Engineer: 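So that we are looking at the same thing, I have put the structure below in structure tokens.
Computed from a prediction, not measured in an experiment: that's the story for all the values here. Lettering follows sequence order; numbering is per chain, from 1.
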Number of protein chains: 2
Amino acid sequence: MTDAESPTPGTDPADRKRGGGAKLAYETLRDEILDLVLAPGEPIDEASLAERLAMSRTPVREALVRLAGEGLVTMLPNRSTIVAPVDFPNLYAFFDALTLMYRVTTRLAAEFHQPADLDAIRARQAVFARAVQAGDTAAMITHNRDFHAAIAEAGRNSYYTQLFVRLLDEGRRILRLYYYPSFSAQMPHPYILEHEAIIAAVADRDVELCDTLAREHADQIVRQIQEMIARDRRQHLRL
Amino acid sequence: MTDAESPTPGTDPADRKRGGGAKLAYETLRDEILDLVLAPGEPIDEASLAERLAMSRTPVREALVRLAGEGLVTMLPNRSTIVAPVDFPNLYAFFDALTLMYRVTTRLAAEFHQPADLDAIRARQAVFARAVQAGDTAAMITHNRDFHAAIAEAGRNSYYTQLFVRLLDEGRRILRLYYYPSFSAQMPHPYILEHEAIIAAVADRDVELCDTLAREHADQIVRQIQEMIARDRRQHLRL
DNA sequence: TGCATATAGTTTGTCGACAAGTTTTTTGCC
DNA sequence: GGCAAAAAACTTGTCGACAAACTATATGCA
């Protein structure tokens, strides 16, 4: 396929700093993977991607190696790199880890947060609430991620934060996979209220309450995803 | 410095598979970093490393990018890559995450292990015990890591396993930093006994006992490291 | 001598090219 | 027509080269 790929506007190799090529490739690919612009399992061709971003294959390759380290792509030796497939058999492990990270990061936030952290968290929550009111599911998913990432940051444990962000991103991909087609009749106002409760508990430095709220919040999200998957499976059986 | 680096025997570019260059560079660097052959903060020159391994800079660079993703090196933009420094101000976060991963992985091993897993775990424990009896500290550190990694594998949650292995490796580096000079008068037989107790609890599928034992084991290790650091600090003050 | 500036020397980030594997197409045979 | 082997086409992994950015040295001036 020597198709003329869309040249992707805004990528002028001239006004790009030294080292900015790999960064651009990384961020572009990352966004497209998480937004499901690139479907799980879809092959990524280094040459065409390099052409699309107006750069050589070297920085593209660097981006792919980084993404492989984060589990977002799988590099098959001597064969094409593919977008990491969603690992359905291991969804249980995913839910388990996600729930634990919700709890741990929120606990630590209650313990170690500083005044500025609360401002950042509240700002994220405001953006999230706006997305909910606008009914913008895609934005909701993203900003929910950012909200919890901000809480994790306040906990000041980079090991947890890194794993949590990775899990939230993976969840973002799963949600996009199912949430879009699902009926949005029931607006998820509960999430906003739960977020508010979590913020209050963090501000109060109530560690145990944070743990409980985080666990409930996580369980609710896990349940929602499982229901969406189950509904999807029923639909497929009917066809 | 255009010093003639030692050519590192056993690295013949001829009998190296396609794709084996980057792998060799990655594993070599990784081992040298964890064994403190390369000191924390020490710069890594791409060109000389490439020459030492008899390959071009490209596979070396790929290895560095991967190692940066795992936090073992820090790539300073447009400046030399350095071996990741040990982050002493954040040691608390490290201990916290390490302890949690000890507990979680051991719990999950009790729940989900299969017969073959126990064989693998016991094999690691045998190797570890041999290192203890031989008084080989370096080997002890490595095989203790492998023992707990095997338990984590039995828990079948790759998210936890990955983080845990990363933490254990970081701990391996810290231990090497302090353990060598410390007097080895008191042979750490307790570790062997604790390991045996953990194996028995996993085999019995006693989740709560696993949690308790893992926590105690982790606390003991954390305490040991803290004592070593404190002793080291006292020594430095005396000088 | 001490400091700012210019200069030389490294080291990294990116490029284009090429060869080793893969995949796809073509060819030959039954 | 259907299948196996050979060939063409493509993709990746590695190489050597070059220019931008940084570091160390040398130069000039007060």
Side-chain angles (χ1 to χ4, degrees), chain A residues 1-5 7-8 10-29 38 41-69 72-84, chain B residues 1-5 7-8 10-29 38 41-69 72-84:
Chain A
M1 299 259 189
T2 4
D3 281 39
E5 300 274 348
T8 308
T11 55
D12 189 350
D15 49 37
R16 196 152 62 203
K17 280 181 189 132
R18 188 183 157 82
K23 195 178 174 190
L24 175 65
Y26 171 76
E27 287 169 358
T28 304
L29 262 180
L38 300 173
E42 187 177 333
I44 301 173
D45 182 54
E46 294 178 10
S48 56
L49 182 61
E51 194 185 0
R52 182 155 74 91
L53 298 177
M55 61 180 72
S56 117
R57 273 179 51 220
T58 309
V60 169
R61 197 137 220 290
E62 178 171 331
L64 287 177
V65 171
R66 280 177 63 188
L67 290 167
L72 288 179
V73 304
T74 307
M75 297 185 87
L76 308 168
N78 286 326
R79 226 159 311 141
S80 73
T81 300
I82 61 171
V83 178
Chain B
M1 299 264 186
T2 3
D3 281 39
E5 299 274 348
T8 307
T11 55
D12 188 350
D15 48 37
R16 197 152 63 202
K17 283 183 188 130
R18 188 182 157 81
K23 196 179 173 189
L24 174 66
Y26 170 77
E27 287 169 358
T28 304
L29 262 180
L38 300 174
E42 186 177 334
I44 300 173
D45 182 54
E46 296 178 7
S48 56
L49 183 61
E51 193 186 1
R52 182 155 74 92
L53 299 177
M55 61 179 74
S56 117
R57 272 180 52 222
T58 309
V60 168
R61 199 139 220 289
E62 178 170 329
L64 288 177
V65 171
R66 280 176 64 187
L67 289 167
L72 288 179
V73 306
T74 307
M75 297 186 87
L76 308 168
N78 288 326
R79 228 162 308 144
S80 74
T81 300
I82 62 170
V83 178

Engineer: Please identify each residue that fulfils side chain to side chain contact (heavy atoms under 4.5 Å, CB included) with A:Asn78, with sequence neighbours left out.
Structural biologist: B:Arg18

Engineer: How many Å lie between CE on A:Met75 and P on D:dT11, as a whole number?
Structural biologist: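 Atom CE in A:Met75 sits about 15 Å away from atom P in D:dT11.
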
Engineer: Starting from P on D:dT14, measure out to CD on A:Glu62 and report it in whole angstrom.
Structural biologist: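 Answer to the nearest Å: 15 Å.
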
Engineer: I need the CD1-C1' distance between B:Ile44 and C:dT10, as an integer number of Å.
Structural biologist: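 It is 17 Å, rounded to the nearest whole Å.
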
Engineer: Side chain to side chain donor-acceptor pair (under 3.5 Å) with B:Glu62: which residues, sequence neighbours excluded?
Structural biologist: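 With sequence neighbours excluded, B:Glu62 shows a side chain to side chain donor-acceptor pair (under 3.5 Å) to A:Arg61, given in chain and number order.
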
Engineer: Looking only at the side chain of A:Arg79 (C-beta and beyond, no hydrogens), which of the listed nucleotides C:dT23, D:dT14, D:dC22 gets closest?
Structural biologist: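 Nucleotide nearest to A:Arg79's side chain: C:dT23.
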
Engineer: Under the side-chain contact (heavy atoms from CB on, under 4.5 Å) rule, what do A:Ile44 and A:Leu49 come out as? Steps first, then yes or no, please.
Structural biologist: CA-CA 8 Å; A:Ile44 301 173; A:Leu49 182 61; 4.2 Å; yes

Engineer: Could you tell me how far apart A:Ile82 (CD1) and D:dT11 (C1') are, to the nearest whole angstrom?
Structural biologist: 15 Å

Engineer: Identify the heavy atoms of B:Leu64 and B:Val73 that sit nearest to each other, and give their distance.
Structural biologist: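 Closest approach of B:Leu64 to B:Val73, heavy atoms only: O-CG2, 3.6 Å.
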
Engineer: Taking the nucleotide of DNA chain C with the closest heavy atom to each, which residue, A:Pro77 or B:Leu76, is nearer the 5' end?
Structural biologist: B:Leu76

Engineer: Between D:dC10 atom C1' and A:Asn78 atom CG, what is the distance in whole Å?
Structural biologist: 13 Å

Engineer: Identify, with sequence neighbours excluded, every residue that meets side chain to side chain contact (heavy atoms under 4.5 Å, CB included) alongside A:Thr74.
Structural biologist: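 A:Leu76, A:Ile82, A:Ala84, A:Pro85.
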
Engineer: Taking CE from B:Met55 and P from D:dG16, how many angstroms apart are they, rounded to a whole number?
Structural biologist: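 Interatomic distance, CE of B:Met55 to P of D:dG16: 12 Å.
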
Engineer: Could I get the full list of side chain to side chain donor-acceptor pair (under 3.5 Å) partners for A:Thr81, not counting sequence neighbours?
Structural biologist: none

Engineer: Mind calculating the distance between CD (B:Glu51) and P (C:dT10) to the nearest angstrom?
Structural biologist: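 Between P of C:dT10 and CD of B:Glu51: 14 Å.
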
Engineer: Kindly give the atom pairs (protein nitrogen or oxygen, nucleotide nitrogen or oxygen) under 3.5 Å for nucleotides 6-9 of chain D.
Structural biologist:
none

Engineer: Tell me every residue that passes salt bridge (Lys or Arg N to Asp or Glu O under 4.0 Å) with A:Arg66, counting only those two or more places apart in sequence or in another chain.
Structural biologist: none

Engineer: Can you identify which nucleotide, out of C:dC15, C:dG21, C:dT23, has its nearest atom closest to the A:Thr58 side chain?
Structural biologist: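 Given the options C:dC15, C:dG21, C:dT23, the side chain of A:Thr58 is closest to C:dC15.
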
Engineer: Can you tell which of C:dG21, D:dC18, C:dC18 lies closest to the side chain of A:Arg57?
Structural biologist: C:dC18

Engineer: Once you round it to whole Å, what is the distance between C1' of D:dT14 and CG of B:Leu49?
Structural biologist: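 Value for this atom pair: 15 Å.
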
Engineer: Where the side chain of A:Ser56 is defined as all heavy atoms beyond and including C-beta, which of D:dT14, C:dT22, C:dG16 is the nearest nucleotide?
Structural biologist: C:dG16

